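Order of appearance sets the numbers: ligands from 1, and atoms from 1 within every ligand. Model, not experiment: these values are computed from the prediction.
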Amino acid sequence: MMKIVQGDITKLEVDAIVNAANQVMLGGGGVDGAIHRAAGRDLFQACLKVPEVRPGVRCPTGEARITPGFRLPARFVIHTVGPVYRDGRHGEEEKLAACYRNSLSLAAENGCRSIAFPCISTGVYGYPIEDAARVAVRETAEFLKAHDGIEVVFCCFSGGDRAVYENLIKA
Ligand code: APR
C-alpha cells in the first residue's frame, strides 16, 4: 500500500529509506546530507566500499545500491541517483522511473516490508514536483501489483509536496 507523510525521512521507522544521492555516492547536501549525518560515519565508509563502475561513479543515474542504515532507525539505506532535470526532453522521466523501479526491487530482494522515498530529483536536481510525483506514484502502483504486502511511504519535506502527492493518490 502507499502512504504519504510529511517530515524528516531520517526519523522514519521503516525497513529501508531511499537516499537521493549523486553518482559518486559519498554524500552531499539536501536529503543526502541529512541521511549521512543521521547514519554516521559508518555510512560513508560503507559507500566507499561500493565499487566504482567507472572513475568517480559508484551508482549511475537511474540505478540503486543498498547499504546498512547504521545509526538510522531504518535497517537499510537504498541510494539512488535521479536525473538532473533539463527540459523533460532528455530522458529524464525514464531515468526517474528507473530510480523508483530499481529501489523497490532492491528493497524486495532484501526482504524489506516497508520503504520510504524522498521526492527524488525535485530539489537540487530541479525536477518539477508534479511531474516527479506522477512518475513515483505510477511506478509504485505498478510494483505493488506484484508485491502487495509492502508498504511504500512517500516522505515529503514540505506541505506543498505533500499536497501534490495527496491529489495524485486520492484521485
Ligand atoms: N527528509 C525528507 N526529505 C528531505 C530531507 C529530509 N531530511 N531533506 C531534504 N529533503 C527533500 C527536499 O526538500 C526535496 O524535496 O528531498 C527532496 C530531494 O531534494 P535533494 O535532496 O536536493 O535531492 P535531489 O534533487 O535528488 O538532488 C540530488 O543533491 O544533495 C545533493 O548529493 C545530492 O548531488 C545530489 C543532489
Side-chain angles (χ1 to χ4, degrees), residues 2-41 43-48 50 52-53 56-65 67 69-74 76-88 90-104 107 114-137 139-140 151-169:
M2 288 187 232
K3 217 171 106 179
I4 305 163
V5 300
Q6 182 180 345
D8 178 354
I9 199 166
T10 66
K11 304 274 192 282
L12 295 185
E13 312 219 342
V14 288
D15 288 339
I17 62 170
V18 176
N19 181 21
N22 56 51
Q23 295 190 108
V24 179
M25 225 188 99
L26 294 178
V31 70
D32 194 3
I35 289 174
H36 274 269
R37 275 193 299 281
R41 290 284 298 165
L43 180 59
F44 177 82
Q45 296 303 325
C47 289
L48 215 45
V50 173
E52 291 184 321
V53 292
V57 177
R58 287 182 178 77
C59 185
T61 300
E63 293 189 19
R65 299 289 188 272
T67 66
F70 298 108
R71 296 159 61 94
L72 287 163
F76 299 109
V77 178
I78 291 175
H79 308 260
T80 193
V81 181
V84 175
Y85 190 81
R86 291 172 62 183
D87 56 11
H90 288 77
E92 294 99 322
E93 176 166 333
E94 183 36 44
K95 290 201 180 74
L96 186 62
C99 284
Y100 284 94
R101 278 199 304 274
N102 289 325
S103 299
L104 287 163
S114 54
I115 174 174
F117 284 97
C119 304
I120 299 167
S121 277
T122 66
V124 167
Y125 283 0
Y127 210 116
I129 181 67
E130 295 78 6
D131 300 332
R134 206 178 12 259
V135 172
V137 171
E139 292 303 325
T140 301
E151 178 184 73
V152 179
V153 179
F154 295 114
C155 180
C156 302
F157 210 39
S158 72
D161 289 357
R162 178 185 181 146
V164 168
Y165 273 88
E166 277 166 351
N167 289 337
L168 271 178
I169 293 182

Please indicate whether any nitrogen or oxygen in V124 is less than 3.5 Å from any nitrogen or oxygen in ligand 1.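 Right, the criterion is met.
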Give a yes/no on ligand 1: does [X] have at least one heavy atom closer than 4.0 angstrom to it?
X	result
T122	yes
S121	yes
G7	yes

Of the protein's non-hydrogen atoms, which lies at the shortest distance from [atom], and what is that distance?
atom	value
atom 7 (N) of ligand 1	D8 OD1, 3.0 Å
atom 12 (C) of ligand 1	F157 CB, 4.4 Å
atom 25 (O) of ligand 1	G123 N, 2.8 Å
atom 1 (N) of ligand 1	I9 N, 3.0 Å
atom 31 (C) of ligand 1	G29 N, 3.7 Å
atom 9 (C) of ligand 1	V31 N, 3.6 Å
atom 35 (C) of ligand 1	Y125 OH, 3.6 Å
atom 32 (O) of ligand 1	D32 OD2, 2.7 Å

Per-atom contacts, ligand 1 versus A34 - under 4.0 Å to a heavy atom: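 Those atoms are 7 (N).
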Output the list of atoms in ligand 1 that are nearer than 4.0 Å to some heavy atom of D161, sorted by atom number.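 Counting atoms of ligand 1 from 1, those under 4.0 Å from D161 are 15 (O).
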Under 3.5 Å, is there a donor-acceptor pair between the side chain of [X] and the main chain of [Y]?
X	Y	result
S114	D15	yes
E93	G88	no
N22	V81	no
Q23	G56	no

Within 45° of the ring axis of Y165 and under 6.0 Å from its six-membered ring centre, is that where the NZ or CZ of R162 lies?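 Verdict for Y165: no cation-pi partner in R162.
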Which residue from A21, C119, A20 reaches closest to atom 23 (O) of ligand 1 through any of its heavy atoms?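 Selected option, by shortest heavy-atom distance: A20.
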Does a side-chain heavy-atom distance below 4.5 Å link I120 with Y127?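 When only atoms from C-beta onward are counted, Y127 and I120 do not touch, as no gap falls below 4.5 Å.
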V31 side chain near F157 side chain, heavy-atom distance below 4.5 Å: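 No, too far: nothing below the 4.5 Å cut-off.
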With C47 as reference, evaluate N19, L26, V24 under the side-chain contact (heavy atoms from CB on, under 4.5 Å) test and give the passing residue.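 Result: among N19, L26, V24, L26 is the only option passing the side-chain contact (heavy atoms from CB on, under 4.5 Å) with C47.
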Any Lys/Arg nitrogen of E63 or R58 sitting under 4.0 Å from an Asp/Glu carboxylate oxygen of the other?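 Salt bridge: no.
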Record the part of I129 in heavy-atom contact with ligand 1 below 4.0 Å; permitted values are side chain, backbone, both and neither.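 Looking at I129 and ligand 1, no heavy atom falls under 4.0 Å.
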Do the ring planes of F117 and Y100 sit parallel (below 30°), tilted (30 to 60°) or perpendicular (above 60°)?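 Taking Y100 first and then F117, their aromatic rings sit tilted (interplane angle of 30° to 60°).
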